[in-house]
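Report on the following structure.
On a predicted model such as this, the values are computed, not experimentally measured, just so you know. Computation of the quantities below employed the complete heavy-atom set of this structure, encompassing side-chain atoms and omitting hydrogens, waters and symmetry-equivalent molecules.
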2 protein chains.
Amino acid sequence: METFPGAHRPLYEVKANLFKGMAHPVRVRVLEILSAAPDVSVTDLILDMNVEASRLSQHLSVLKTHHLVVSERRGSQVFYSLAYPRVAELLATAKMLLGEVLESTQQQLLASEWTAPQEPAADTRGPSTITRQ
Amino acid sequence: METFPGAHRPLYEVKANLFKGMAHPVRVRVLEILSAAPDVSVTDLILDMNVEASRLSQHLSVLKTHHLVVSERRGSQVFYSLAYPRVAELLATAKMLLGEVLESTQQQLLASEWTAPQEPAADTRGPSTITRQ
DNA sequence: GGGGCGTTTGAGCACTTCATCATATCGTCA
DNA sequence: TGACGATATGATGAAGTGCTCAAACGCCCC
């Protein structure tokens, strides 16, 4: 377990760690919300996301550990915001990539239907990055 | 477990899935290598990365399932390449973000040494996205 | 077509992550 | 100060992930 931020680790390990920090729907949703608003309280996050306070808090903790968000206490509430604008940029790039993947996968799907209509949509196993929108 | 690529899932789930696919050092390293070269054989990857064939193959399989790479057999060897140039762009954005995180964390470190020299580098717990380079 | 190289697949095991529930801390206001 | 609302933390069990080793598979060349 790495303890010190400045520890000597190769870049690909650090990158993998970054992606790991973003590899959960709740955490991505939080980052998306924080990308759209400069400042959101935990209360609002709970309402917007319809998630239990304890669960959300744990994920917020993960995001904070990974230096993706920062928190500030104002009165009885805690407000979170993105630690860097580039976090939003990373999400935007991911969205564009997913758009491309979706597009070409749909084309493949159409093509396979054209050449082999009886085949019920080949290559549908495993987790996929494709979806609507 | 989702079976069909076009399944109706919210965007944040799909994004999280994408990051999950990239959340491992070996997989990030592969993507980095493929970002620099248009076409790399499994043999070369094994040599470059100094990793066991079986292990690498499993990670390549994950990358393929997530539509991040494509493979092509030429003779006795299999060549992998990025499925989309934007995968490299995503890595580049991640690298820039990590650069910013590193910079500001180092500054904080300096500041804390300035104000509290006896404190042995506070806030060093948990996985961190910081490193050299 | 048999042997060898290159690549993939599968089973077993350790380890990590996540959701849930319970409990603790912090701040406000009566 | 005491009670309550808002967050955070800790423990537990279930599920997922990754590594190792073994075996299978596919292709090429003799």
Worksheet item: For D/dA8, does OP1 or OP2 lie under 4.0 Å from any side-chain N or O of A/Y80?
Response: yes
Item to complete: Would you indicate whether the side-chain heavy atoms of B/L68 and B/R27 approach each other to under 4.5 Å?
Response: no
Worksheet item: What is the distance from CD of A/E52 to C1' of D/dA8, rounded to the nearest Å?
Response: 14 Å
Item to complete: Establish whether B/F19 and B/V62 are linked, either directly or via other cluster members, by ILVMFWY side-chain heavy-atom contacts under 4.5 Å.
Response: no
Worksheet item: CE of B/M49 versus P of D/dG18: gap in Å, rounded?
Response: 13 Å
Worksheet item: Do B/L60 and B/S71 touch side chain to side chain, with heavy atoms closer than 4.5 Å?
Response: no
Worksheet item: Atom CG of A/D44 to atom C1' of D/dT7: distance rounded to whole Å?
Response: 14 Å
Fill in: Presence of B/R55 side-chain N/O under 4.0 Å of D/dT20 phosphate oxygens OP1/OP2
yes
Fill in: Selection from C/dT7, D/dG18, D/dT7 that lies nearest to any side-chain heavy atom of B/Q77
C/dT7
Discussion item. Taking only side-chain N and O atoms of A/H59, does any of them lie within less than 4.0 angstrom of OP1 or OP2 on C/dA19?
Written reply: yes
Practice prompt. Identify which nucleotide among D/dT7, C/dT8, D/dC19 has an atom closest to any side-chain atom of B/L60, counting heavy atoms from C-beta outward.
Written response: C/dT8
Practice prompt. Map A/K20 and A/Q58 onto DNA chain C by nearest heavy atom, then report which one ends up closer to the 5' terminus.
Written response: A/K20
Worksheet item: Out of D/dG18, C/dT8, C/dC18, which nucleotide sits closest to the side chain of B/S57?
Response: C/dT8
Fill in: Rounded distance in Å - CG (A/L63) to C1' (D/dT7)
15 Å
Worksheet entry | Residue whose nearest DNA chain C nucleotide is more 5′ - A/S54 or B/K64 | B/K64
Worksheet item: How would you label the contact of A/R27 with the nucleic acid (heavy atoms, under 4.0 Å): base, sugar-phosphate, or nothing?
Response: sugar-phosphate
Practice prompt. Using atom CZ of B/R74 as one end and atom P of C/dC5 as the other, report the distance to the nearest whole Å.
Written response: 22 Å
Item to complete: Inspect the contact between B/E13 and A/R29 and indicate whether a charged nitrogen and a carboxylate oxygen are less than 4.0 angstrom apart.
Response: no
Worksheet item: Phosphate oxygens OP1/OP2 of C/dA19: is one of them under 4.0 Å from a side-chain N or O of A/H24?
Response: yes
Item to complete: State, yes or no, whether a side-chain contact exists between B/V69 and B/Y84 at a heavy-atom distance under 4.5 Å.
Response: no
Worksheet entry | Atom pair distance, as rounded to whole Å: CE in A/M22 and C1' in C/dT17 | 18 Å
Worksheet item: Contact class for A/F79 (heavy atom, under 4.0 Å): base, sugar-phosphate, or nothing?
Response: nothing
Worksheet item: B/L56 has an atom CG; how far is it from atom C1' of D/dG18, in whole Å?
Response: 14 Å
Discussion item. Just the rounded figure in Å: distance from P of C/dT7 to CD of B/E72.
Written reply: 13 Å
